[in-house]
Amino acid sequence: MSDYLPQEIEKKWQKYWADHGTFRAADPATDPRPKFYCLTMFPYPSGTLHVGHGRNYIIGDVVARYKLTKGFNVLTPMGWDSFGLPAENAALKNKADPREWTYANIAKMKEQFRVWGVEYDWDREVATCDVPYYKWTQWVFSVLYRRGLAYRKKAPVNWCPSCNTALANEEAAGGMCERCGATVEKRDLPQWFFKITEYAPRLLDDLQLLDQWPETVRTMQANWIGRSEGARVDFKVAPGGTAAPGCAGQPLPVFTTRPDTLWGVTFMSLAPEHPMIPALVAGTPQEKEVLAFVERCRRTSAVDRAAETAEKEGVFTGRYVTNPVNGEQVPLWVANYALMDYGTGAVMAVPAHDQRDFEFAKKYGLEIKVVIQPDGQKEPLRAEDLTAAFVDAGTMVNSGPLTGTPSPSGIPEVIKFLVKQNMGEGTINYRIRDWLISRQRYWGAPIPIVYCDICGEQLVPDEDLPVELPPTAEVDFRPHGESPLAGDKKWVAAGKCPKCGGPARRETDTLAQWLCSCWYYLRYVSPVRPGQPNSQAFRKTEVEQWMPVDQYIGGVEHAVLHLLYSRFIFKVLHDAGHVGAVWPEPFRALFTQGMICKQSSKTGKLEKMSKSKGNVVAPDAIIRQYGADTQRLYTLFIGPPQKDAEWNDSAVAGSSRFLKRVWEQVENSGGMAASGHVVPYAGSGSDLSPNAKALWRRTHQTIKKVTADIETSWQFNTAIAAVMELSNLFADSAPSLAADPHGPAVLRFAAESMIRLLGPIVPHFSEELWEKMGHEGGLIAAGWPSYDEAACREDVVEIPVQVNGKLRSRITVAADSPDDAVRALALADEHVVKSIADATVRKVIIIPNRMVNIVAK
RNA sequence: GCCGGAGUGGCGGAACUGGCAGACGCGCGGGAUUCAAAAUCCCGUUCCCCUUAAAGGAGUGUGGGUUCAAGUCCCUCCUCCGGCACCA
């Protein structure tokens with residue numbers, strides 16, 4: 001007899017796995033096992049992981065262990081997304097070096113993984129802030145640059161005043177900084193962009209390949225990419241209006257999804273940021289007012305501009321534009337509801353058939369012209385009667401040659417007409433914008449570009465990579481709106497023009513951390529091994545052997561950030577021929593786990609576990625008191641892993657209780673090695689007593705259930721519940737089975753099965769018991785238990801008997817009894833007889849082995 | 001507003017393809033053990049009626065429908081969570 005002492009056995013097995021290289025992936029070229037790439041999103045090394053973080057890694061560890069046990073060559077790597085703001089902020093606060101802060105945190109968190117029993121192939125570890133790693137992040141930039149997918153341009157960009165850097169649109173969704181929640185501003189700054197828009201069609205189409213991704217993530221990406229079909233229509237500035245004659249004839253194309261309403265255009269709205277505005281109003285009486293309005297719009301934050309309450313506002317430019325289809329001249333306005341970064345920044349306004357245009361027209365007394373007549377309405381729709389825009393389909397009216405066409409078919413007709421007249425064409429517009437990748441912060445990979453006074457912007461050649469960050473001692477990295485690197489004059493001046501060999505200024509912006517995490521899964525498959533030169537980002541042959549990732553596990557918050565960026569970068573590398581002949585997507589299957597929540601002492605509400613909400617549960621105390629296996633068990637038992645769950649401190653004890661109980665059961669009745677080796681029962685069951693048979697059968701059923709739960713639906717909670725049920729039956733039958741002829745053998749079979757099924761879930765506990773039972777070589781080598789379908793089948797079943805759908809009795813019959821026998825038995829049952837006493841039986845429905853329903857009236 | 005997801009005991013959650021609602025666990029109540037407590041074990045635990053038991057009745061957000069049978073399928077409405085939101 002020995003007590004369950006998690007602290008001792010957990011250390012022992014953690015050492016065992018490390019010593020035996022249990023989680024070291026084998027070379028797929030020589031290993032006969034099928035490969036399985038199990039990837040859990042790597043964390044930002046913020047210092048400590050709480051139990052909420054743990055869920056992610058524990059799930060990944062269970063999957064990796066399960067697949068290993070099933071006989072796969074599993075690759076399960078881990079690393080650190082270690083560039084980014086918190087390191088800098090922490091360093092500023094503590095007057096320390098972000099480098100030191102980061103590596104200290106990495107060491108702490110690595111230890112936390114070890115203590116959890118969450119194991120990885122650490123030989124492949126990467127930290128994105130390692131110089132040998134970011135050398136290749138810079139190379140990825142170069143790949144895009146050389147393919148014309150990276151460019152620098154001055155543009156109004158999202159600026160986070162709190163983080164002091166420009167942000168990508170994806171990081172500023174909803175007008176708030178994704179990291180700190182501050183309201184973003186628009187600033188005109190020269191910034192680096194990746195042409196993700198060029199890949200929009202493929203990023204959208206290939207979502208169809210991702211049938212093992214959650215529907216929500218695919219939908220979010222599809223919405224973000226935002227494809228809409230329509231037409232470009234070439235309006236032109238009309239000669240009329242005030243002054244500035246040079247503008248006349250200038251093209252002002254618009255994008256519309258409703259070319260069928262083209263004859264209903266009564267004005268045009270330009271976005272306040274539209275670049276043609278200054279020229280259009282130069283020297284006109286409207287100039288002052290227009291420019292003042294533009295300035296006011298610019299100062300309004302994106303949040304306020306997009307707010308539901310935001311009033312539509314605009315100002316007339318004094319100019320007119322010509323509608324190409326009918327030659328009509330309509331007034332040109334600047335309006336705050338027109339967006340510069342969608343379409344062309346100019347909107348053809350059809351107030352009769354677009355609600356926004358309608359509101360604007362009503363406010364400023366602009367003309368409203370009906371060109372779509374609702375079907376099934378005799379009276380012509382009159383503009384004066386409209387209280388809202390009529391936006392549905394109908395029949396085109398007052399539309400020149402297309403009058404009378406049903407509006408849905410009118411759309412392609414109008415496009416045909418436009419093309420023929422050379423006035424426009426059918427186009428597809430995407431909502432997604434190019435990806436802003438430059439950051440004005442220190443702790444990131446420098447963008448490998450130099451500026452030569454003679455040759456201009458030049459890419460740093462591959463052989464000169466990495467462009468290393470200067471040591472922190474040289475840099476004042478307090479954020480102040482310009483990249484801190486710019487303050488290190490020596491570093492900036494150290495650039496060399498690759499073309500003329502002369503001195504060149506270095507680019508001082510750094511790359512967004514998102515780029516670092518776009519390719520890390522490729523570095524894992526192809527790490528630099530000791531003694532090897534760091535001469536490639538990754539080797540094509542290894543990429544071909546391991547990619548795609550078979551299972552990716554992480555949080556849904558990355559749906560349109562990391563997961564979209566990674567798909568994009570992978571496709572570019574694919575196109576450039578760097579990853580070889582592999583599937584065009586990096587991640588075959590994606591699992592997004594739910595968050596662990598807890599009541600916040602600050603808000604009083606149920607909130608995602610986080611330091612700022614003051615509701616974190618540290619794993620340390622739990623591990624000290626109960627052991628890591630208890631925490632693992634509870635984390636998996638808490639609920640379906642894809643759903644959010646509330647952490648309940650008192651329920652943790654229940655998980656510990658269960659482990660203790662199983663421990664004692666196995667020690668007392670499992671046939672330990674010390675008490676003489678008992679061979680687990682492997683017969684057909686026909687020689688067993690009823691009690692023994694029940695436990696034997698339940699064991700087979702449990703193996704079946706747990707296998708299905710883990711394999712197909714990741715229902716760890718119900719898998720654990722099934723083992724609990726088996727354990728409960730074990731406890732009930734153990735006393736009587738001790739003296740049963742096959743009793744000890746059946747108990748041994750049940751005990752071994754419980755341990756093996758719990759193996760991936762509570763690995764230290766299971767390994768220890770497995771060893772105590774006299775097995776060598778560990779649970780993974782033992783393989784996953786199999787079950788016998790015939791053994792799962794009950795030979796006696798209890799069938800509920802309903803009368804008119806209400807449960808009245810139960811009968812016990814042999815499994816697969818003929819319907820006639822079941823019917824006779826059911827109708828003879830005393831409870832049934834009573835409830836159909838004064839009625840006649842109309843019908844008896846029998847579902848074999850399941851249900852009898854007697855319809856009586 | 002639009003697009004997803006979800007509403008089941010005191011709580012977390014089970015329920016195959018339409019077939020016994022509430023598995024498993026937490027909590028709670030009762031008991032055993034103990035000088036006492038902790039721990040452990042046993043019994044009970046959807047609600048209503050009932051001293052108890054038996055036997056009933058009601059019950060899966062709302063209201064309707066299909067069916068021998070509905071948590072599950074169809075329609076209506078309500079609530080909550082997530083995402084997007086003046087996208088032309």
Side-chain angles (χ1 to χ4, degrees), chain A residues 173-175 214-224 226-228 230 254-258 261 268-269 271 305-308 310-312 335-339 341-350 353-357 359-360 429-433 556-557 559-560 594-595 597 606 633-634 637-640 642-655 657-658 660-661 664 705 708 715 717-728 731 798-810 831 834 842-856:
Chain A
E215 191 60 43
T216 46
V217 175
R218 292 196 292 165
T219 308
M220 280 166 77
Q221 290 208 356
N223 289 343
W224 188 261
R227 180 183 196 272
S228 44
V254 298
F255 172 75
T256 178
T257 55
R258 292 292 303 273
T261 63
M268 180 188 281
S269 299
R305 257 175 92 174
E308 234 165 303
E311 182 76 4
K312 288 189 187 14
N336 64 349
Y337 72 91
L339 308 173
D341 40 19
Y342 186 75
T344 62
V347 184
M348 62 174 229
V350 186
H353 306 293
D354 180 283
Q355 186 58 26
R356 291 155 305 179
D357 299 341
E359 286 168 25
F360 194 83
N429 198 50
Y430 292 91
R431 204 192 75 117
I432 191 171
R433 271 93 83 175
V556 74
E557 65 273 18
V560 291
M595 295 177 303
C597 304
L606 197 63
L633 184 69
Y634 176 64
F637 188 57
I638 195 166
Q642 62 273 42
K643 280 176 63 180
D644 289 354
E646 185 183 349
W647 187 268
N648 177 351
D649 287 313
S650 64
V652 176
S655 293
R657 242 187 324 261
F658 168 68
K660 264 189 211 148
R661 212 166 47 231
E664 281 162 22
K705 165 100 179 122
Q715 290 186 75
N717 54 330
T718 53
I720 293 165
V723 181
M724 285 174 169
E725 284 185 76
L726 177 60
S727 159
N728 290 344
E798 195 187 51
I799 300 178
V801 182
Q802 297 181 339
V803 175
N804 293 327
K806 287 192 192 229
L807 181 69
R808 290 299 178 214
S809 187
R810 297 166 201 279
H831 298 291
K834 220 160 70 185
R842 291 279 160 85
K843 207 166 157 190
V844 179
I845 291 143
I846 296 169
I847 311 295
N849 296 332
R850 281 210 166 272
M851 164 74 62
V852 176
N853 191 8
I854 298 164
V855 186

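Just so it is clear, the model here is predicted, and its values are computed rather than measured. Order of the sequence lines sets the chain letters (A, B, ...), proteins ahead of strands, with each chain counted from 1.
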Please enumerate all residues that pass side-chain contact (heavy atoms from CB on, under 4.5 Å) together with [X], with sequence neighbours excluded.
X      : answer
A:T216 : A:P214
A:Q355 : A:F358, A:E359, A:A388, A:A389
A:A222 : A:L204, A:L207
A:N728 : A:R661

Looking only at atom [atom1], what distance separates [N] and [M], rounded to whole Å?
N     : M     : atom1 : answer
B:C41 : B:U34 : C1'   : 13 Å
B:G63 : B:U76 : C1'   : 7 Å
B:G83 : B:G27 : C1'   : 35 Å
B:C80 : B:A32 : P     : 49 Å

Categorize [X] for me: base, sugar-phosphate, or nothing, with a 4.0 angstrom heavy-atom threshold over every strand shown.
X      : answer
A:K834 : nothing
A:R808 : sugar-phosphate
A:R661 : sugar-phosphate
A:A173 : sugar-phosphate

query = Given B:A88, is OP1 or OP2 found less than 4.0 Å from the side-chain N or O atoms of A:K312?
reply =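 Answer no for this pair, as no side-chain N or O of A:K312 is under 4.0 Å from OP1 or OP2.
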
inquiry  = Please confirm whether the shortest side-chain N or O distance from A:R431 to OP1 or OP2 of B:A85 is below 4.0 Å.
reply    =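 For A:R431, the contact criterion (side-chain N or O under 4.0 Å from OP1 or OP2 of B:A85) is met.
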
Can I get a per-line list of side-chain donor-acceptor pairs under 3.5 Å for residues 647-655 of chain A, giving both atom names and the distance, sequence neighbours left out?
{"from": "A:W647", "atom 1": "NE1", "to": "A:D649", "atom 2": "OD1", "distance (Å)": "3.1"}
{"from": "A:N648", "atom 1": "OD1", "to": "A:S650", "atom 2": "N", "distance (Å)": "3.1"}
{"from": "A:N648", "atom 1": "OD1", "to": "A:S650", "atom 2": "OG", "distance (Å)": "2.9"}
{"from": "A:D649", "atom 1": "OD2", "to": "A:K598", "atom 2": "NZ", "distance (Å)": "3.3"}

key: Identified stems (criterion: three or more consecutive Watson-Crick or G-U pairs, under 3.5 Å), RNA chain B   =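 RNA chain B stems, ordered by first number: B:1-7 with B:78-84, B:10-12 with B:24-26, B:27-32 with B:40-45, B:46-48 with B:56-58, B:63-65 with B:73-75.
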
task = Report yes or no: does A:N717 contribute a side-chain atom to a donor-acceptor pair with the main-chain N or O of A:I638 at less than 3.5 Å?
result = no

[options]: which one has an atom nearest the side-chain heavy atoms of [X]?
X      : options             : value
A:R657 : B:C86, B:G25, B:C26 : B:C26
A:Y342 : B:G25, B:C87, B:G4  : B:C87
A:N336 : B:A88, B:G25, B:C86 : B:C86
A:R356 : B:C87, B:C3, B:C26  : B:C87

Kindly list each side-chain donor-acceptor pair under 3.5 angstrom involving residues 800-809 of chain A, sequence neighbours excluded, with atom names and distances?
{"from": "A:N804", "atom 1": "OD1", "to": "A:A856", "atom 2": "N", "distance (Å)": "2.9"}
{"from": "A:N804", "atom 1": "ND2", "to": "A:A856", "atom 2": "O", "distance (Å)": "3.0"}
{"from": "A:S809", "atom 1": "OG", "to": "A:D829", "atom 2": "OD1", "distance (Å)": "2.8"}
{"from": "A:S809", "atom 1": "OG", "to": "A:D829", "atom 2": "OD2", "distance (Å)": "3.0"}

Nucleotide N/O to protein N/O under 3.5 Å, stretch nucleotides 45-49 of chain B:
none

Could you pull out the protein-nucleic contacts involving nucleotides 67-70 of chain B (nitrogen or oxygen on both sides, under 3.5 Å)?
{"from": "B:C68", "atom 1": "O2'", "to": "A:N853", "atom 2": "ND2", "distance (Å)": "3.2"}
{"from": "B:C68", "atom 1": "O2", "to": "A:N853", "atom 2": "ND2", "distance (Å)": "2.7"}

Every protein N/O within reach of nucleotides 10-15 of chain B N/O, cut-off under 3.5 Å:
{"from": "B:G12", "atom 1": "O2'", "to": "A:I638", "atom 2": "O", "distance (Å)": "2.8"}
{"from": "B:A14", "atom 1": "OP1", "to": "A:N717", "atom 2": "ND2", "distance (Å)": "3.2"}
{"from": "B:A15", "atom 1": "OP1", "to": "A:Q715", "atom 2": "OE1", "distance (Å)": "3.4"}

For nucleotides 59-61 of chain B, which of its nitrogen or oxygen atoms have a protein nitrogen or oxygen under 3.5 Å away, and what is each distance?
none

key: Residues in side-chain hydrogen bond (donor to acceptor under 3.5 Å, both in side chains) contact with A:S727, at least two apart in sequence or another chain   =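 Partners of A:S727 by the side-chain hydrogen bond (donor to acceptor under 3.5 Å, both in side chains) criterion, ordered by chain and then number, come out as A:Q665.
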
task = Using a 90° cut-off around 0 for syn, call B:G22 syn or anti.
result = anti

ask   = Between A:M851 and A:A721, which is nearer to the 5' end of RNA chain B once each is assigned its nearest nucleotide?
value =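 Nearest-nucleotide comparison on RNA chain B picks A:M851.
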
